[in-house]
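A quick write-up on the structure given underneath.
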Amino acid sequence: MALIDLANPTRFLSLARPTLPWLAGLTAAVFAVGLVLTHGAPDDYQQGATVKIMFIHVPSAWLGMFGWTLMSAAALGTLVWRHPLADVAAKAAAPIGAAFTFLCLVTGSLWGRPMWGTYWVWDARLTSVLLLFLMYLGVIALWRTVEDPSRAARAAAILTLVGAINLPIIKWSVDWWNTLHQPASVVKLGGPAIHPTILLPLMVMALAFTLLFLTLHLAAMRNEILRRRVRTLMLMQAQAAPGSGS
Amino acid sequence: MPARWAEMRLEGSGLTCVRGGREVFAGLGFSVAGGEALLVTGRNGAGKSSLLRMIAGLVRIAGGQFAVTGVDAEKTIPEQAHYLGHLDALKPSLTVAENLGFWARYLGGGAPPQTALATVGLAALADLPAAYLSAGQRRRLSIARLLAVQRPIWLLDEPTSALDREAQDALAGLMRQHLSGGGLIVAAAHGPIGLERAKELRVGADA
Amino acid sequence: MSPLLNPLLALFLRDVRLAIRVGGGGGIGVLFFLIVTVLMPFAIGPDLALLGRIGPAILWLGALLASLLTLDRLFAADHEDGSLDLISMSETPLELAIATKAAAHWLTTGLPLVIATPFLGLFMNLDGTASAAVALTLLAGTPALTFVGLIGAALSVALRRGGLLLAVLVLPLTVPVLIFGVAASNAAIVGPVPFGTPFTILCALTLVSLVVGIFAAAAALRQGME
């Protein structure tokens, strides 16, 4: 099957429907393995069991960035090929990416609480994630504000790509800002080297969360396509009624 | 509809309209009784719309006065008038029924909005957001407002614009019904709006 | 239902619906508040002790700007689609209609700011008491910002200019609210003035602006008629 067939919304729906339960099942299975492995992972000699927040925090951070990458790829599809399915993919990814970014912020804040004595310090990494979260919210607000989906798609695509170019600059600036104000005494999350007994559960959890992202994204894309069909049906209903002027 | 407004009379005398520092018309007078229609004609910019908006209390009266007799003396003229202008006062994100329901409740409705929607042929679209309507359908929804809330004076600015032939006939029928109920109509129009026995008032320099 | 209350309830429900539907501006105010608050430490530096000291002021400034910028379209949208004409042709007094619109606007944009405050307080290193104090002062003070902003929103319709002009017209009028809002927050956090004194003045300012704002906005809208 050629890629172009997948790009047809009807074709996509007929594929998404049988795929979703399998994908969801796989996600649950990998999560089960990951949780067992996580349970077996050793506690940190300094941080105790708190270190296990990492198994949620790190995958969330990865998926927050993955979400934006996905949106940027979809944005290229929107701008270059003007493909409606790319619009749908971009729109569906935004809230999911935002949710994972938010999860990363919350877990980071909970993780840092015992070390910092407060829920939030302007740590360079967390601050970069916070800015990523704000950019997600901006894209979502754009999608919500513009009524016409194809116009919203082009505007959101431009914003997404500008964001993708800006994100490394933002990251670098925040690092610079942070070191300017705070010497290296600040405790960095993650630590310098990761022991293999932690690395394996972390990889499995990262895979589980990625599968969760893909499941949610597929379901959200399906919902968005159906939502657009409802919109089209409403337009047709209005045109069929008297006085449509056609 | 009972002819409860049959004794009504709306009069204007010595009316002067100034817009943007320019005198549009001066010394204009008219008189319409219940059951009568007044057709305001004149070239573009002669002040047809301004006259209607003056009656509706939406444009400041530079000179002259309006008087209405035979209706509820407690209420002002704008409170007893419907104004159908170029803008349709609809919110795109609200449904057709919500839009009409709001105006019916806000302006103190009479007939249930569903009946009014059926009369203008929009009953099937009641739950659709108004954003999906065509220009003609939006106009029909505006006209439904005149039916959902009973007010004796109808001020109609180019009422037939954006309406197809069939809808124009239907509107003429509604206007005749309003007149036979004792209501009065002041309409601004370039051409005939489907009322045979309408008085005509020409505004503008060549009046 | 009473003939006066029913139309006002209808107007209230319509405005709330418009704010939360797609295309409405319900959540934008909170987002703006969040972004302004987050920007501050980049200018000031991530010094937690300093942020904790000036946190209430930053939160108040953010809420002030957020609640004023969302007011821009309050009357302009109704003016552009002709709704304002019909609203003014009702038996319901224009003042009551304006008050109702303001209440709906506060519920959909002002109250979310108050709810967001404790969370934003975390970024400013405010403890529980301090966050609660700022949220309480905002709860008492944001209605004042809405009602003062009404004047600007009405003037911008009358003058057919929006956006920044509104901010320029209204921001000087909000200075007293800002002074006593921040003063009350700081009184609760560090003292030495008791919390009650500036807070009572803040409440009084809200009541005054309620009356002044509504009547001034109605007058501005009436003057705006050609």
Side-chain angles (χ1 to χ4, degrees), chain A residues 91 95 98 101-102 105-106 108-110 112-113 115-149 151-152 170-171 173-183 185-186 224 227-228 230-231 234, chain C residues 17-55 58-59 62 66 69-70 72-73 77 81 108-109 112-113 116-132:
Chain A
K91 185 175 183 184
T101 313
F102 185 66
L105 286 174
V106 171
S109 157
L110 289 175
R113 164 82 178 150
M115 288 187 283
W116 302 326
T118 169
Y119 281 105
W120 185 264
V121 300
W122 293 86
D123 165 75
R125 290 196 203 185
L126 268 185
T127 305
S128 298
V129 175
L130 177 62
L131 290 173
L132 177 65
F133 180 61
L134 291 181
M135 286 169 60
Y136 268 119
L137 291 185
V139 172
I140 294 172
L142 177 62
W143 277 110
R144 273 190 57 83
T145 309
V146 184
E147 179 91 29
D148 175 21
R151 265 182 58 214
I170 291 174
K171 171 90 180 101
S173 315
V174 169
D175 283 347
W176 190 85
W177 166 80
N178 199 262
T179 48
L180 180 77
H181 290 284
Q182 277 177 321
S185 69
V186 69
E224 179 60 23
R227 207 175 288 129
R228 286 182 185 199
V230 170
R231 189 186 137 86
M234 281 178 158
Chain C
R17 273 201 192 114
L18 285 174
I20 58 179
R21 293 258 164 104
V22 171
I28 300 282
V30 174
L31 192 50
F32 183 84
F33 185 26
L34 175 64
I35 288 174
V36 168
T37 312
V38 167
L39 275 185
M40 290 295 176
F42 292 112
I44 295 162
D47 178 354
L48 288 182
L50 176 64
L51 286 179
R53 243 186 353 268
I54 60 173
I58 292 176
L59 290 176
L69 291 181
T70 49
D72 189 23
R73 305 284 302 156
D81 67 11
T108 50
T109 60
L113 297 180
T117 302
F119 299 99
L120 298 187
L122 292 179
F123 292 128
M124 293 294 122
N125 193 33
L126 296 184
D127 59 21
T129 328
S131 283

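Reminder, nothing fancy here: chain letters follow the sequence lines and each chain counts from 1.
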| task | To the nearest 0.5 angstrom, please state how far the CG atom of A/Leu130 sits from the CG atom of C/Leu34. | result | 6.5 Å
| Is any side-chain heavy atom of C/Leu48 closer than 4.5 Å to a side-chain heavy atom of A/Trp120? | no
| task | Determine whether C/Pro46 and A/Trp177 make a side-chain contact, defined as any pair of heavy atoms from C-beta on separated by less than 4.5 Å. | result | yes
| field | Closest contact, heavy atoms only, C/Ile28 versus A/Ala141 | value | CD1-CB, 3.8 Å
| note | CD1 of C/Ile35 to CG of A/Leu134, rounded to nearest 0.5 Å, is 5.0 Å
| request: Identify which part of C/Leu31 has an atom lying under 4.5 Å from any heavy atom of chain A, answering side chain, backbone, both or neither. | output: side chain
| Exam field: side chain A/Trp122 to backbone C/Gly45, donor-acceptor pair closer than 3.5 Å | no
| Roughly how far, to the nearest 0.5 Å, is CZ of C/Phe42 from OG1 of A/Thr127? | 5.5 Å
| What is the minimum heavy-atom distance between C/Arg21 and A/Arg144, and which atoms define it? | O-NH2, 3.7 Å
| said: What's the separation between atom CG in A/Leu137 and atom CZ in C/Phe32, rounded to the nearest 0.5 Å? | reply: 14.5 Å
